[in-house]
There are 2 protein chains.
Amino acid sequence: MKTSTDTRQRLLDSARELLYSRSYGNVGVKEICDVAGVQKGSFYHFFPSKQELTLAVLDEFFIISKQEIFSRSFRPEWSGLKQLNALLENIYLFQNSTKEQIGKTLGCPYGNMSSEMSTQDEVIRQRLNGLLQQMEMSLKTALEQAVHEGEIAPCDTAATAAAMFAFIEGLMLLAKTRNDPELIRELGVAMLTIRIGEPAAT
Amino acid sequence: MKTSTDTRQRLLDSARELLYSRSYGNVGVKEICDVAGVQKGSFYHFFPSKQELTLAVLDEFFIISKQEIFSRSFRPEWSGLKQLNALLENIYLFQNSTKEQIGKTLGCPYGNMSSEMSTQDEVIRQRLNGLLQQMEMSLKTALEQAVHEGEIAPCDTAATAAAMFAFIEGLMLLAKTRNDPELIRELGVAMLTIRIGEPAAT
DNA sequence: CTTGCGCTTTACCGATCGGTCAACTATCAT
DNA sequence: ATGATAGTTGACCGATCGGTAAAGCGCAAG
């Protein structure tokens, strides 16, 4: 049998919301259990430690990111440029939805976790790094499509995608600090001006 | 009398290092006191709470940032473009120094604190927002100088400076996640390609 | 019906959390 | 010399931390 109860999933959901809206160090497993309606003993039946739970939450976040953000942006039938613009818009919509629901701009779940934990937990840092790399690859693919279609001038697509990704992370961090998701819309347009590597001039 | 002992300063130094290299939630006032060689009772003689200590640490960080980064980058005798490049280089040097000393890329102290605390402590969030605004203003001044000197094409300098600042924050966050400060050098060049707002075409 | 097992419950562990308190010492001006 | 004041000390508070142990539960396969 795979799962006879939904306890594990409820713990995952509870932890995801709490860790995202607050932080690792300021959310205890007791609180995660309370929100999930689960006893602490049950928690440790499903997860050997808070660290392992966090890794599972990051993977869960990645699935949700793909559903809510990436699959709605990187549509192959769209042009590369349209995909890049859609990415910015969907990130804005996501940040704006939490702002309207709880009054707070939460920023990027991976960026938040990395800022707090990368220096304190090497396992978590590596997981975050891997997830970020995957997202960067998706961005690179869209960028290459835009270049191929002539919407963006040829460039070093790997480096440019990485720079664009850094820009997006910075946008979300500043939006969180100002508690204003509109910043993403105001400054997001600059992403398309970013470029590294000139085409070989003939 | 102003200060009859250096206890307060030692607490500030201890807290600055611990909060920067770890995080707010995972550093206790007990540990801050131990590193400073101070009893906990003394701590609460100088600071009414951990929150107030954190605010003082942020201000301390800002002073150090001006000394180590800004004053070495925004030299009026330099051209605007040179100032912007110097900023990137000095940020790289700063991140690289901690990597060589303790093996870890720590990222931006304000970005780290904001990621962890902006949703949990409104006072800290506002302080961070204010400090970030000041830094953005310095960047804007250098950018305007570069535009005035014809090194960069005219643009919306306020928005462009904000976008450049977001890019820098994103760079430091990714460098931290990869634990590799070289990323700042590899991608930093893209900052100068960022622009928002066309000059009014005549 | 019974055995086994996935899951839950509850009590508990030592350690640490942020913060308080009253007693104490050192230094200063009067 | 004395009193006021700044600073220090170490014990202490209730609460919470991440994690453990053992007994008990319901259910499905034999």
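Side-chain atoms are counted along with the backbone in the values below, which use heavy atoms only and exclude waters and symmetry mates. The chains referred to below are lettered A, B, ... by the order of the sequence lines, with proteins before strands, and numbering in each begins at 1. Here the structure is a predicted model, which is why all the values come from computation and not from measurement.
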Worksheet item: Salt bridge check: are A/Lys82 and A/Glu149 linked by an N-O gap of less than 4.0 Å?
Response: no

Worksheet item: For A/Leu11 and C/dG6, what is the distance between atoms CG and C1' respectively, to the nearest whole Å?
Response: 15 Å

Item to complete: Could you state the atom-to-atom distance from CG of A/Asp34 to C1' of D/dC17 in whole Å?
Response: 14 Å

Item to complete: Kindly write out the residues that satisfy side-chain contact (heavy atoms from CB on, under 4.5 Å) with A/Phe94, not counting sequence neighbours, or none if the list is empty.
Response: A/Tyr20, A/Ile69

Worksheet item: Please give, in whole Å, the distance from D/dA6 P to B/Phe47 CZ?
Response: 17 Å

Discussion item. Taking only side-chain N and O atoms of B/Tyr44, does any of them lie within less than 4.0 angstrom of OP1 or OP2 on C/dG19?
Written reply: yes

Worksheet item: Nearest-Å distance, CD1 (A/Ile32) to C1' (D/dG19)?
Response: 14 Å

Discussion item. Please classify the nucleic acid contact of A/Phe46 as base, sugar-phosphate, or nothing, using heavy-atom distances under 4.0 Å.
Written reply: sugar-phosphate

Item to complete: Measure from NE2 on B/His45 to P on D/dG7 and round the result to the nearest Å.
Response: 4 Å

Worksheet item: So, does the side chain of A/Lys40 form a donor-acceptor pair with the base of D/dG18 at under 3.5 Å?
Response: yes

Practice prompt. Please determine, by modelled atom types, if B/Ser65 and B/Tyr110 share a side-chain donor-acceptor pair under 3.5 angstrom.
Written response: yes

Fill in: Selected nucleotide, minimal atom distance to B/Gln39 side chain, candidates D/dT8, C/dG18, D/dG10
D/dG10

Practice prompt. Provide, to the nearest angstrom, the distance between the NZ atom belonging to B/Lys50 and the P atom belonging to C/dT16.
Written response: 15 Å

Discussion item. Distance alone, cut at 3.5 Å: any donor-acceptor contact between the side chains of A/Gln83 and A/Ser73?
Written reply: no

Item to complete: Whole angstrom is fine here: how far is it from CZ in B/Arg10 over to P in D/dG7?
Response: 13 Å

Worksheet entry | Pair A/Glu151, A/Ser79: side-chain N/O donor-acceptor within cut-off below 3.5 Å | yes

Worksheet entry | Phosphate-side-chain proximity, A/Thr7 and C/dC7, N/O vs OP1/OP2 below 4.0 Å | no

Response to the item:
B/Ser49 has its side chain closest, among C/dC17, D/dT8, C/dG19, to C/dG19

Worksheet item: How many Å lie between CD on A/Glu52 and P on D/dG18, as a whole number?
Response: 15 Å

Worksheet, complete the sentence: Comparing A/Lys30 with A/Pro48, nearest DNA chain D nucleotide closer to 5' gives the residue A/Lys30

Item to complete: Describe the nucleic acid contact of A/Gly28 in one word from base, sugar-phosphate, nothing, applying a heavy-atom distance below 4.0 Å.
Response: sugar-phosphate

Item to complete: Map A/Gly41 and A/Gly25 onto DNA chain D by nearest heavy atom, then report which one ends up closer to the 5' terminus.
Response: A/Gly25

